[in-house]
Engineer: 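Dropping the structure in here first, questions after.
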Amino acid sequence: MEINQETVAHLAELSNFSLSEEEGKRLESDLAGIIDYISQLDELNTEGIEPTYQVFEMENVWRPDQIEPQEADREELLSLTKEVRNNQIKVPKVL
Amino acid sequence: MKTASKDLTAVSMVKAALEKAHHYQPDYHIFTWINDAAIKKAEEIDRRIAAGEKVGRLAGVPYALKDNFLTPEGETTASARILEGFESPVTATAVKKLEAEGAIMIGRTNLDAFAHGSSTENSYYGPTKNSKDLTRVAGGSSGGSAVAVALGIVPFATGTDTGGSIRQPASFNGVFGFKPTYGTISRYGVVAMASSLDCVGFFAENTDDMDLLMMICAGQDSYDLTTLPDYYGKEQVFDDPVKKIAVVKDFDNEAISPEIRAALKAEAEELRANGHEVIELEMPALKYALAAYYIITPAEIASNLSRHDGIRYGFRSEDSGDLTALYQNTRGEGFMSENKRRIMIGNFVLSSGFYDAYYLKAAKARTLLIQEFDKAFRECDFLLMPVSPNPAFRLGEKVNDPVAMYLEDVLSVSLNLAGLPGLSVPVGETEAGLPVGLQLVGPRRGDRELIRFGGEIHKNSAAGSTERHADIMGGKD
């Protein structure tokens, strides 16, 4: 996998952030170095091995479907944002 | 540790901690915020003691909180610009448990932003300095917490450990650092890094304190469904005082500093002299742990950090025009370079065309690693390993070379991938006077026995004998 300015720009887009030109240049060599390092996993034979995503292999941990009193109410949560209108968070135009 | 009583007021304990915090802060940059209002909580504890009310097991004990635990006291920043100004309305479960026992938070400690790093240099607020040498790093990501305990500001501090973030700064500063079995302490209210690896743990001055903190904070939590059914303090007690300890052969090479290898050999000899059995083990899959870690962790980071968009809380880039630009500018300005590297690597290894070769491959490597540890614990009670390849390195030495920085984690990440408990035990110093720690590793749920035995290792080490000497000379209270 070759990392160039095009792949850096694509990954920044997937990651939803802007990069300065200088940052983009640095990231090109940084990412290439990291990908080169992690690619050594190729050497490891994993044939017939199942993947692990969670060490205790837990699944479907249930609790009663009861609403518990919450620590924060709507007003408190809305107070954390920059601009509120009609009890909603205001954002810039979407389209 | 000392708790408040009629003879020792909580106010005097908290005042002393705050004075030390302010004294050391300008040189060491330990805290992102110092909680001067902590005195009020101490007054309340003293009032309750005077009234004969029951106070908890940590009554009046001042502690430092890594700044990635949510509480309404001060801003929770995770040392990242993107959380600037965030005053959490909720409190982390671990914090609730500590405070229910009367512990009092005197400050929030510095970390690598979002806990991404091994030196605390990736903090938006600047690096924390090593407690023994101001030209060296504190280690990371929980650098501030390690230094707060090492300098004697507080008897304990909280940390989080995703790949070594408690154990490595503990070893760089000569204190105990414990990462429990995955799922032992609730992650509720802790800023997420990589959810299948993140653990809450502690820095402490001794193993009795560590045990008490675990007794208080361990336990299942309905707010974190990955927590294990309660086991800490309920495990079977092994009466056999003779242990079988394995030293991993694969790390006895030039990648590890000679002084650290010498410390490990000396400790192995000491254990033998004390009647324990020491064996050597080969664990060939271990050397692939770091590559697997730097695939799985960035993948989980990319997902967890996608929530930070400038809309609901924290920093927002102004004058961005449309919504897409607002997201991109907020995240572009709000994340540190290391956050960006990890998010991009995460999105790379998860993207179509690369998923099988990287993410799936790493998840399979994780299985092999777990099998290798399981096999090892059929042959021994504990593993003894270095915590990191080097003692504390110089500020600026590795921060511009991400792979060199990642290699500092080569000995610590495997425990997180396998969910195992690990205790960083201070055992001595290098010639230059830098602390050296060794890592004692146990099987899942073997936490308490591990902490107990870690205390024994420390007592018999060079560090332990120096302390005994200081005690005899009256140099330590």
Side-chain angles (χ1 to χ4, degrees), chain A residues 1 3 7-8 10-20 23 26-27 30-31 33-56 58 60-64 68 70-73 76-83 89-95, chain B residues 86-87 89-91 182-183 196 222 225-226 228 285 288 290-292 294-295 302 306 309 311-314 316 320-323 325-329 331-333 335 337 340-341 343-345 347-349 351 354 357-358 360-368 370 402-403 406 417-419 444:
Chain A
M1 171 73 202
I3 298 290
T7 40
V8 168
H10 175 62
L11 289 172
E13 196 186 332
L14 287 177
S15 306
N16 223 352
F17 43 62
S18 55
L19 294 176
S20 67
E23 260 184 315
R26 282 249 1 231
L27 279 162
D30 287 352
L31 297 184
I34 296 167
I35 290 167
D36 184 53
Y37 182 82
I38 61 181
S39 296
Q40 66 173 278
L41 266 193
D42 288 348
E43 297 167 13
L44 190 66
N45 181 7
T46 52
E47 216 182 297
I49 302 293
E50 289 296 314
T52 297
Y53 302 110
Q54 213 276 349
V55 283
F56 285 103
M58 291 172 150
N60 297 342
V61 179
W62 303 102
R63 62 168 174 77
E68 288 180 27
Q70 295 299 301
E71 286 180 272
D73 58 24
E76 257 183 297
L77 293 173
L78 284 174
S79 75
L80 299 173
T81 190
K82 302 288 177 200
E83 214 179 337
I89 295 173
K90 189 171 176 266
V91 297
K93 68 175 191 268
V94 177
L95 289 170
Chain B
F86 172 53
E87 290 177 357
V90 305
T91 304
Y182 179 81
S196 83
S222 62
L225 294 179
T226 61
L228 295 170
Y288 296 102
L290 191 69
Y294 276 102
I295 292 170
S306 64
D309 56 9
I311 302 297
R312 290 154 301 159
Y313 49 80
R316 180 190 288 187
S320 287
D322 66 8
L323 190 65
L326 184 143
Y327 290 151
Q328 292 185 341
N329 293 342
R331 290 166 63 82
E333 294 162 32
F335 286 130
S337 297
K340 290 180 188 172
R341 281 193 281 266
I343 293 169
M344 290 169 87
I345 290 289
N347 284 322
F348 169 76
V349 299
S351 56
F354 299 105
Y358 290 96
L360 187 62
K361 182 88 181 175
K364 290 177 178 176
R366 191 174 185 178
T367 306
L368 283 175
I370 291 170
V403 174
Y406 295 175
L417 288 168
R444 287 182 287 276

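So you know, we letter chains A, B, ... as the sequences are listed, proteins then strands, and number each from 1. We use all heavy atoms of the structure for the numbers below, so side chains are in, but hydrogens, waters and symmetry mates are not. Computed from a predicted model, the values in this text were never measured in an experiment.
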Engineer: Just verifying a value: how many Å separate A:Thr52 OG1 and B:Leu368 CG, rounded to the nearest 0.5 Å?
Structural biologist: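 Going from the OG1 atom of A:Thr52 to the CG atom of B:Leu368 covers 9.0 Å.
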Engineer: If you round to the nearest 0.5 Å, how far is CG of A:Leu11 from CD1 of B:Ile343?
Structural biologist: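 Reported value, rounded in 0.5 Å steps: 11.5 Å.
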Engineer: Checking side-chain polar atoms at under 3.5 Å, does A:Thr46 have a donor or acceptor matched by the opposite partner on B:Lys361?
Structural biologist: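 Present: a donor and an acceptor within the cut-off.
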Engineer: Side chain from CB out, backbone as N, CA, C, O: work out which of these in A:Glu50 comes under 4.5 Å of a heavy atom of chain B, or both, or neither.
Structural biologist: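 For A:Glu50, the contact with chain B is made by the backbone alone.
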Engineer: What class does the angle between the rings of A:Phe56 and B:Tyr182 fall in, given that below 30° is parallel, 30 to 60° is tilted and above 60° is perpendicular?
Structural biologist: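 Geometry flag for B:Tyr182 against A:Phe56: parallel rings.
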Engineer: Apply side-chain hydrogen bond (donor to acceptor under 3.5 Å, both in side chains) to A:Glu83 and list each qualifying residue two or more places apart in sequence or on a separate chain.
Structural biologist: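 So A:Glu83 forms no side-chain hydrogen bond (donor to acceptor under 3.5 Å, both in side chains) with any residue.
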Engineer: Could you check whether any side-chain N or O of A:Lys82 sits under 3.5 Å from a backbone N or O of B:Tyr313, counting only pairs where one atom can act as donor and the other as acceptor?
Structural biologist: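 A pair under 3.5 Å: no.
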Engineer: B:Val90 versus A:Gln70: any side-chain heavy-atom pair under 4.5 Å?
Structural biologist: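 B:Val90 vs A:Gln70: side chains apart.
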Engineer: Going by heavy atoms in the side chains, are A:Asn16 and B:Gln328 under 4.5 Å from each other?
Structural biologist: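 They are in contact (side-chain heavy atoms under 4.5 Å apart), so the answer is yes.
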Engineer: Compare all side-chain heavy atoms of B:Arg316 with those of A:Thr81 and state whether any distance is below 4.5 angstrom.
Structural biologist: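 Side chain of B:Arg316 against side chain of A:Thr81, heavy atoms only: contact under 4.5 Å found.
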Engineer: In Å and rounded to the nearest 0.5 Å, what is the OG to CD1 distance from A:Ser39 to B:Ile295?
Structural biologist: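 Here the interatomic distance stands at 7.5 Å.
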Engineer: If we only count heavy atoms from C-beta on, is the A:Tyr37 to B:Tyr294 side-chain gap below 4.5 Å?
Structural biologist: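 A side-chain contact under 4.5 Å is absent here.
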Engineer: Sort A:Leu14 into side chain, backbone, both or neither according to what part of it lies under 4.5 angstrom from a heavy atom of chain B.
Structural biologist: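 Contact with chain B involves both backbone and side-chain atoms of A:Leu14.
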Engineer: Considering all heavy atoms of both residues, which atom of A:Pro92 and which atom of B:Leu326 are nearest to each other, and what is their separation?
Structural biologist: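 Distance-wise, the nearest heavy atoms are CG-CD1, 3.5 Å.
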Engineer: Using atom types as modelled and distance alone, determine if a side-chain donor or acceptor of B:Ser196 lies under 3.5 Å from a backbone N or O of A:Gln54.
Structural biologist: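 Side chain of B:Ser196 to backbone of A:Gln54, a donor-acceptor pair under 3.5 Å: no, none is there.
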Engineer: Can you find a heavy atom in the side chain of A:Glu68 that is under 4.5 Å from one in the side chain of B:Ser222?
Structural biologist: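 The answer is yes; the side chains approach within 4.5 Å.
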Engineer: At a 4.5 Å cut-off on heavy atoms, which part of B:Ala325 comes close to chain A: side chain, backbone, both, or neither?
Structural biologist: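 Contact with chain A is absent: no heavy atom of B:Ala325 under 4.5 Å.
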Engineer: With heavy-atom distances below 4.5 Å as the criterion, would you say the side chains of A:Ile38 and B:Val349 are in contact?
Structural biologist: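 The answer is yes; the side chains approach within 4.5 Å.
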Engineer: Against chain B, label A:Leu41 side chain, backbone, both or neither, depending on which of its atoms sit under 4.5 Å from a heavy atom there.
Structural biologist: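 Interface part for A:Leu41: both.
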Engineer: Among residues at least two apart in sequence or on other chains, which ones pass salt bridge (Lys or Arg N to Asp or Glu O under 4.0 Å) with A:Glu13?
Structural biologist: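 With neighbours one apart ignored, the set is empty.
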Engineer: So which part of A:Asp73 gets closer than 4.5 Å to some heavy atom of chain B, the side chain, the backbone, both or neither?
Structural biologist: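 Neither the backbone nor the side chain of A:Asp73 comes within 4.5 Å of chain B.
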Engineer: Looking at side-chain heavy atoms only, is the closest gap between B:Met344 and A:Leu19 below 4.5 Å?
Structural biologist: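 SC-SC contact between B:Met344 and A:Leu19 confirmed.
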